[in-house]
Amino acid sequence: MPVTSSVAVVTKRPRGRPPIPIVDHPEPLWDVERHPLDFHGALDLQMRRHGEPAHRLHRAIKAHGGLTDRKTIFDWRRGIKTPQTPASLKVVDMIEARYRLPARYLRSRLAQPKATAGQAPQGVEPSEARRLAWHLPDDFKRRPPRERAEILSWVRTNILSGGTAYSQYHSEVSKHRFSLRFDDEVLPQRKKRGRKGCVELVAPPELQREMTALIRFKSSTLTEIGYQRSGVWGEETAAQREEHLSLLFGALAAPEKGEVRGLGAPIEDLSFAHLVFPAVWDWYVQWRERRRGFFTGWEAEMLLLAAALTRDKTGWLRQSPQLADRLIPIDGLVSSAEIEAARLDWDATCERMKEHALQRAREISRVARIHRDPFEPLLPILEAASPVGEYRKITDEILKRMPDARRYPLAAAESVRSLLMIRLGLHLGLRQKNLRQMLVCPKGQAPRTERELERLKCGELRWSERDSGWEVFVPCAAFKNAGSAYFSKRPFRLVLPDLGDLYRWLDAYIETHRPVLLAGASDPGTVFVKTRKRTSTDAAYNQNTFYEAWRLIIQRYGIRNPYTGRGAIAGLLPHGPHSVRDVLATHVLKTTGSYEQASYAIQDTPATVQAHYGRFLPQDKAALAAAVLNKVWA
């Protein structure tokens, strides 16, 4: 008989102690009287208090569907990382529930208590994903596709792009850049705007020399011998005129069959001398009308510039007949016969251009439409009974969301900077340039003299021993309207009121937060400085970066987001610092009915307020009069 052998199966016992069973809600080992204010300290305290190391907490979270790992919890506890994605914030909520902590006990201690990464849907560019992260709800990816599409559309329309017809138009046309780039010598400090991936056409040397000559003629202290001029361009005006002329020449040089649908003229053939021919200007203003869909006041202003350049005695083109030597025919616009006639009688050619420009400007002004209504983004504020009180809600939102400076010094410094931008804008009513270029003199240092500030053409924030308060001193030469009757050649001086802890925030910003923002970068001496980053060590704001900084404040703290519950004012749209002047003027008008007093708030004249700043409607006037008349019936 065959022998049957039996093999015993031996079960191998696991080494070490068996894992401790998972308890849903471990009991605390002691009571806590003082809780840490930062996320890392609070998490470490609660883990020690409940007797759980990182690996045991990780097992419990993983058993309930958490998506983190043990090292992540260890890094959170040590302060190496912070939760930033919706999945990691879900784990934070699970830890709160496990330890039976109050709602948002841990989340409220984060510098950013909402998801800042991993929110955007697939296919979104990284640059847009970073902007979207702030404005999407934490459960965005868990919502139905239709609801996600609705949220994404609302954020893009009302927060990122701006919501108005003009902002949507500008967002679309700015994708196809066509202006020429001028590396001028007169305005070397002005930062050239560029965009990654954009091909910029550089103006040829001859055209650059002509642009430099024009800017020097209109902005130098003294004119060259033999030239006359009427009016002087400041730095900002010169930069603006250069940009407008860059667009004109860029449109002439842009390919005819490209996205811009320009004229397609050879760029090396272009000259400022072509601007004395009416056909060139007619083509340009009609090209803009086709591009936009209608004429605006912008085209009329450009034609007035053409008239000024060709004016008798003081026009730069009129006084530069040598430019005719560079004239080359442009197909369909300028013929050889017209060039020959211009060379023979330059004055007559310029005179015809001047008369044509004035006539066209009048014709366009009659049919021009408003495309960019400056009041549209501010309507919820301007329609309120107290516009300044409504705008002040933005500062309350900043304070509500401000992180702890001890744990998150950089995030806190940026929040304090945002707070003071809005506060000083509301107290001073200055234009963007004056607010951006305002210098700071810390306590205990000697302030700059009025003559020095006049030379620098900027104001200063400094401590006044006489008034025991922070004052803003701006020489009249620093203002755009320095010759206005408001100034009467006297400087602007205002002692800031110590309301809403303004002095406390100013002291903290100048002594603590401002150095954190600089982080060792060269100090430009201005009140507001940019955050130093690896890609940018220049701490000085320029016109564009300051506008974007203000717009970012409004996007994050001003616009009420119904999907996240963040933001102060429903219906508000993104805008820049100049809009604060509209708020101040409208507030004074609604309170007093006086254009003169409204002009005091923004350092201007009553006529300017009436034409550009104050939104004072018939119902506002009637309500103001009724408040006086109704007292009879009291």
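The structure presented is a predicted model; accordingly, all values stated were derived computationally and were not measured.
- By the ring pair (Phe, Tyr, Trp, His ring centres under 6.0 Å) test, H176 pairs with no residue at all, sequence neighbours left out.
- Using a distance-only test at 3.5 Å, with no hydrogens or angles considered, a donor-acceptor pair links the side chain of H587 to the main chain of V388.
- Classification of D604 and R431 as a salt-bridged pair holds, one side-chain N sitting under 4.0 Å from a carboxylate O.
- Judged by distance alone, with hydrogens and angles left aside, the side-chain atoms of R560 form a donor-acceptor pair with the main-chain N or O of G565 at under 3.5 Å.
- No side-chain N or O of N561 forms a donor-acceptor pair with one of W154 less than 3.5 Å apart.
- The closest donor-acceptor contact from the side chain of E460 to the backbone of R448 lies under 3.5 Å.
- Ring geometry for H40 against Y408 counts as tilted: the plane angle lies between 30° and 60°, on a 0 to 90° scale.
- Listed for the D620 side chain is a donor-acceptor partner under 3.5 Å among the backbone atoms of L617.
- Within a 6.0 Å sphere centred on NZ of K443, other residues, nucleotides and ligands contribute more than 12 heavy atoms.
- E397 places no side-chain N or O within donor-acceptor distance of the main-chain N or O of I559, the cut-off being under 3.5 Å.
- When all heavy atoms of Y547 and P577 are compared, the pair lying nearest together is CD1-CD, 4.0 Å.
- The two atoms that bring P574 and Q555 nearest to each other are CG-CG, 4.1 Å, heavy atoms only.
- Residues V588 and V609 have side chains not in contact (no heavy-atom distance under 4.5 Å, counting atoms from C-beta outward).
- Counting only distance, with no hydrogens or angles, the side chain of R615 and the backbone of L382 share no donor-acceptor pair below 3.5 Å.
- Considering every non-hydrogen atom in both D498 and Y503, the closest pair reads OD1-N, 3.2 Å.
- With hydrogens and angles ignored, the 3.5 Å screen pairs a side-chain donor or acceptor of S488 with a backbone N or O of A485.
- Under a 3.5 Å cut-off, the side chain of T449 and the backbone N or O of E452 do form a donor-acceptor pair.
- Annotation: cation-pi geometry not satisfied between R436 and Y541 (NZ/CZ under 6.0 angstrom from ring centroid, within 45° of ring axis).
- Ion pairing of E236 with K433 is absent here, as no side-chain N (NZ or NE/NH1/NH2) approaches a carboxylate O to less than 4.0 Å.
- With hydrogens and angles left out, the side-chain atoms of S418 and R556 include no donor and acceptor closer than 3.5 Å.
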